[in-house]
Amino acid sequence: MGERADVVELAKRRGFFFAAAEAYGGAAGFYTFGPEGAALKRNVESAWRDRFALKEDNEEIAAPTIMPEPVFEASGHLDTFDDMLVECAECGESHRADHLVEGATALEDAEALEPAEIATILEEHEIDCPDCGAALAGQEVEEFNLMFQTSIGPGSGQPGYLRPETAQGIFVEFPRLKEYARGKLPFGVTQIGPAYRNEISPRRGLIRVRELTQAELEQFIDPEDDEPPLETVADVALRLYAVPDQEESAPAAEGYREVTVREAVDEEVVASDWIAYYLGVAQEWYERIGLDTEKLRFRQHLPGERAHYASDCWDAEAKVESAGGDWIEIAGISSRGDYDLSKHADGSGENFTVFKQYDEPQSVLEPTVDPDMSVLGPEFGGDAGAVAEALEDLAAHDPDAFEQEVVTVTVDGERYDVDTDIANFEVVEKTEAGVHITPHVIEPSFGVDRTVYALIDHGLERDELGGETRDYLSLAAEMAPTDVAVFPLVSNHEPLLESAAEVVSTLRAAGFDATRDDSGSIGRRYRRQDEVGTPFCVTVDRDGLEDDPETITLRDRDTGAQARIPTGELVGQLEALRDGEADFEALLSRYETVETADE
RNA sequence: GCGGAUGUGGUCCAGUGGUAGGACAGUAGCUUCCCAAGCUACCGGCCCGGGUUCAAUUCCCGGCAUCCGCACCA
């Protein structure tokens with residue numbers, strides 16, 4: 001199923017998500033997760049945290065959502081989030097003004113220019129509309145910054161921005177995080193939280209929004225030495241949609257081919273072992289949370305599509321029927337190289353490297369000079385310092401030059417002759433314990449909201465039960481907002497009400513998220529739970545109260561089948577079902593089943 | 001941002017220049033021993049602002065929001 005209208009209607013009516021602040025007319029691109037949706041989202045985040053932080057031995061942090069301007073100057077977002085558009089007066093098409101300028105001139109970084117300068121260039125170079133050929137001269141160049149700006153502190157304050165990705169909060173704290181990791185690679189830091197993008201045109205409900213929740217891992221590695229534990233996911237099957245497949249004139253109908261992680265690496269479909277590893281981890285994780293993996297593929301970014309920082313990137317894409325059957329991006333696994341840490345090192349002047357120790361300290365012969373400044377000073381005056389530096393440079397690059405009696409260096413085009421004795425050239429033996437390296441970053445970045453949306457879309461099913469059509473949400477038990485619902489079979493019999501209340505207390509004490517419902521007919525109550533994906537319903541009936549020991553019936557959401565089990569075994573059975581140690585089929589064969597109208 | 005369509009109880013819709021109705025959902029009661037049953041009652045609405053008019057939910061203008069297409073999506 002999964003018509004868009006169905007998903008949106010269910011989401012609103014049952015409290016999964018809805019447009020925020022509708023009482024005041026709302027604002028496009030902002031959504032509130034209702035009780036069911038918030039619980040589902042929380043479960044997605046918990047499962048992600050378990051897999052990408054806990055199981056990978058990574059640490060989670062919580063950085064501010066607002067950072068001062070220099071952070072985003074360094075990260076490149078201030079420039080690259082700034083699109084300049086120019087609209088053709090004739091045909092009305094909008095074009096990236098900076099791209100037009102770059103295409104028509106020798107300029108390579110037109111993005112860095114001011115809109116007014118771009119407008120001037122459009123005019124001077126007589127650039128025309130690529131679509132209709134009309135002159136663009138005189139058209140206004142509009143600027144869109146996709147970051148939300150704010151000011152920090154009173155008055156004009158200091159400009160700040162809401163983070164457009166959670167990643168920067170990790171990168172800027174790298175100097176401390178590396179200390180926490182005791183300076184040893186590889187290590188990873190995760191963060192789950194909101195990011196903000198002032199989209200020009202939010203669309204398609206939850207799929208394109210202005211505030212989104214990201215779950216990101218920044219895996220810091222030594223690109224030369226660190227290898228992922230590839231063998232743990234080597235046999236995981238992936239559906240890869242690589243660049244060559246996308247470029248073929250007639251790509252496969254499904255738009256992917258299935259290979260294992262091992263094959264992807266061996267056949268060099270995926271260049272980086274680390275990316276391959278996380279593709280495998282992601283695939284397993286999606287299976288775990290109940291995404292329909294028949295509707296999951298990994299698509300490699302085309303070269304022109306990649307972000308300013310990425311050298312390779314694979315998106316996880318889910319086919320979402322309620323979005324018109326489109327493949328939508330739900331995660332990106334990219335290789336960011338040392339881009340971010342280098343940029344923040346430059347921007348801040350701080351140390352964003354780690355010290356990489358050699359296995360054995362290495363002795364190196366290092367040519368050095370120690371010029372006698374008491375001679376150079378009087379001889380060269382103000383140039384003496386520069387001459388000394390030039391000598392050091394020469395020693396490093398061309399030690400043979402010191403074999404002559406006089407060495408010659410050039411400073412600002414002027415030659416200086418120095419007696420070799422004065423330079424005090426010497427080759428000394430030094431011990432090096434290691435080198436400072438800037439780690440590379442592998443970034444699995446997940447869109448939590450879109451994942452939630454895909455789970456609902458994939459989970460929404462319609463079948464027939466008891467002669468009636470019914471809608472149910474086939475969520476993985478771990479994701480379901482409610483673990484189990486408990487009903488008295490009829491609500492006009494006091495002992496049943498009491499017994500149901502007791503069962504709920506017992507389940508809650510055992511750690512289950514249990515709910516009770518005694519309003520309306522039993523069928524109606526089953527349907528309510530079916531719609532919000534509650535995997536199991538427990539019903540207390542008179543027959544059960546008369547049994548010795550007492551029994552209740554346990555109902556499976558997807559089939560409606562019921563087993564009558566002793567009340568005392570309920571917690572244990574639910575735990576077994578939850579932990580995957582039992583399935584409902586086994587219960588049905590082990591216990592008495594309950595006839596339903598369907599059978 | 002451009003173009004088109006739309007905006008009526010919680011949800012899905014009908015309708016009108018004289019302030020509105022249905023279905024479903026919800027609540028209360030009756031009934032009810034297994035899948036949205038029935039009966040009774042109740043709750044609850046014309047997106048916002050301006051204009052035209054004696055009177056606007058209806059017509060006009062603007063805004064906001066939603067959907068579709070285009071553009072954008074680092």
Side-chain angles (χ1 to χ4, degrees), chain A residues 4-6 8-15 18-30 34 72 75-88 91-96 99 111 131 140 142 144-147 164-165 197-205 207-210 212 301 305-310 313 324 328-329 332 334 464-472 487-493 496 519-531 537-546 552-553 555 557 559-562 564 593-599:
Chain A
R4 179 179 162 75
D6 296 330
V8 170
E9 193 264 346
L10 175 78
K12 277 196 280 201
R13 190 164 45 78
R14 288 300 187 194
F18 40 83
E22 275 196 308
Y24 289 93
F30 295 97
F72 300 110
S75 72
H77 287 93
L78 218 49
D79 280 344
T80 57
F81 251 62
D82 222 6
D83 289 344
M84 279 175 281
L85 299 184
V86 61
E87 192 178 326
C88 172
C91 68
E93 284 296 304
S94 284
H95 303 282
R96 284 285 295 270
H99 288 178
E111 233 169 23
D131 283 352
E140 193 181 348
E142 286 190 84
F144 292 104
N145 194 321
L146 262 48
M147 282 197 292
E165 57 174 7
R197 300 170 186 191
N198 202 359
E199 295 284 349
I200 296 166
S201 172
R203 279 293 162 79
R204 309 213 284 190
I207 292 171
R208 214 160 133 214
V209 291
R210 290 187 165 128
L212 56 139
H301 276 201
E305 185 182 2
R306 287 197 293 261
H308 58 277
Y309 49 73
C313 182
I328 62 166
E329 174 192 349
S334 56
E464 199 164 291
L465 194 63
E468 303 273 354
T469 60
R470 105 180 145 135
D471 294 343
Y472 65 104
F487 315 132
L489 182 57
V490 291
S491 48
N492 64 348
H493 190 64
L496 291 183
S519 171
S521 74
I522 188 66
R524 179 177 298 253
R525 286 175 272 160
Y526 285 143
R527 300 302 166 87
R528 282 182 190 137
Q529 295 304 321
D530 287 343
E531 263 194 344
C537 289
V538 169
T539 303
V540 183
D541 63 357
R542 278 185 218 160
D543 294 345
L545 288 185
E546 285 162 14
I552 45 80
T553 65
R555 172 184 179 271
R557 174 195 62 209
T559 61
Q562 287 175 279
R564 179 173 292 283
T593 59
V594 179
E595 295 286 315
T596 69
D598 202 37
E599 291 168 288

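Residue numbers begin at 1 in each chain, while the letters A, B, ... track the order of the sequences. None of the values given here were measured: they were computed from a predicted structure.
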In whole Å, measure the gap between the [atom1] atoms of [N] and [M] for me.
N       : M       : atom1 : result
rC24(B) : rG44(B) : C1'   : 14 Å
rA41(B) : rA5(B)  : P     : 44 Å
rC48(B) : rC64(B) : C1'   : 7 Å
rU57(B) : rU52(B) : C1'   : 16 Å
rG9(B)  : rC47(B) : P     : 7 Å
rG17(B) : rC54(B) : C1'   : 12 Å
rC61(B) : rA20(B) : C1'   : 25 Å
rU11(B) : rA25(B) : P     : 15 Å

> Please walk me through it: do Leu10(A) and Asp471(A) pass side chain to side chain contact (heavy atoms under 4.5 Å, CB included)?
Replying inline: CA-CA 10 Å; Leu10(A) 175 78; Asp471(A) 294 343; over 6 Å; no

> In terms of the nearest nucleotide of RNA chain B, which residue is placed more toward the 5' end: Arg13(A) or Glu329(A)?
Replying inline: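 On the 5' side of the pair lies Arg13(A).
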
> Starting at the 5' end of RNA chain B and moving along, which residue's nearest nucleotide shows up first, Ser521(A) or Glu165(A)?
Replying inline: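 By nearest-heavy-atom nucleotide position, the 5'-most residue is Ser521(A).
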
Who pairs with [N] - Watson-Crick or G-U, where each distance is under 3.5 Å:
N       : answer
rU19(B) : none
rA28(B) : rU40(B)
rA56(B) : none
rC64(B) : rG7(B)
rC70(B) : rG1(B)

Please state how far atom [atom1] in [X] lies from atom [atom2] in [N], giving the value in whole angstrom units.
X         : N       : atom1 : atom2 : value
Ile522(A) : rU31(B) : CD1   : P     : 18 Å
Glu468(A) : rC24(B) : CD    : P     : 12 Å
Leu146(A) : rG1(B)  : CG    : P     : 13 Å
Asn198(A) : rG1(B)  : CG    : P     : 10 Å
Lys12(A)  : rA65(B) : NZ    : C1'   : 11 Å
Glu9(A)   : rC67(B) : CD    : P     : 15 Å
Phe18(A)  : rA65(B) : CZ    : P     : 18 Å
Glu22(A)  : rG7(B)  : CD    : P     : 15 Å

Is any side-chain N or O of [X] under 3.5 Å from a base N or O of [N], one able to act as donor and the other as acceptor?
X         : N       : value
Gln562(A) : rC34(B) : yes
Tyr526(A) : rC34(B) : yes
Ser491(A) : rU32(B) : yes
Arg528(A) : rC35(B) : no

Are [X] and [Y] packed together at the side-chain level, in the sense that at least one heavy-atom pair is separated by less than 4.5 angstrom?
X         : Y         : value
Arg210(A) : Asn198(A) : yes
Val540(A) : His493(A) : no
Leu465(A) : Arg527(A) : yes

Looking at [options], which one has an atom nearest to any side-chain atom of [X]?
X         : options                   : value
Leu465(A) : rA37(B), rC35(B), rC34(B) : rC35(B)
Thr553(A) : rC73(B), rC34(B), rC35(B) : rC34(B)
Asp541(A) : rC73(B), rC34(B), rU31(B) : rC34(B)
Thr539(A) : rA25(B), rC34(B), rC73(B) : rC34(B)

Tell me what [X] touches on the nucleic acid: a base, only sugar-phosphate, or nothing, going by heavy atoms under 4.0 Å.
X         : value
Asp530(A) : nothing
Gly29(A)  : sugar-phosphate
Arg470(A) : nothing
Glu531(A) : base
Arg525(A) : nothing

> Quick one: which of Arg524(A), Arg14(A), Arg555(A) gives a salt bridge (charged side-chain N to carboxylate O under 4.0 Å, His left out) with Asp530(A)?
Replying inline: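 Answer to the salt bridge (charged side-chain N to carboxylate O under 4.0 Å, His left out) test with Asp530(A) among Arg524(A), Arg14(A), Arg555(A): Arg555(A).
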
> Under 4.0 Å between a side-chain N/O of Ser201(A) and OP1 or OP2 of rC73(B), yes or no?
Replying inline: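 No.
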
> OP1 or OP2 of rA25(B) less than 4.0 angstrom from a side-chain nitrogen or oxygen of Arg524(A), does that happen here?
Replying inline: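 Yes, such a contact exists.
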
> Is it true that a side-chain atom of Arg208(A) and a backbone atom of Pro202(A) form a donor plus acceptor pair closer than 3.5 Å?
Replying inline: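 Side chain of Arg208(A) to backbone of Pro202(A), a donor-acceptor pair under 3.5 Å: no, none is there.
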
> Where the side chain of Arg525(A) meets the backbone of Gly520(A), is there a donor-acceptor pair that is under 3.5 Å apart?
Replying inline: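 Judged by distance alone, yes, a pair lies under 3.5 Å.
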
> So which heavy atom on Arg557(A) is nearest to which on Arg470(A), and how close?
Replying inline: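 Minimum heavy-atom separation between Arg557(A) and Arg470(A): O-NH1, 2.8 Å.
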
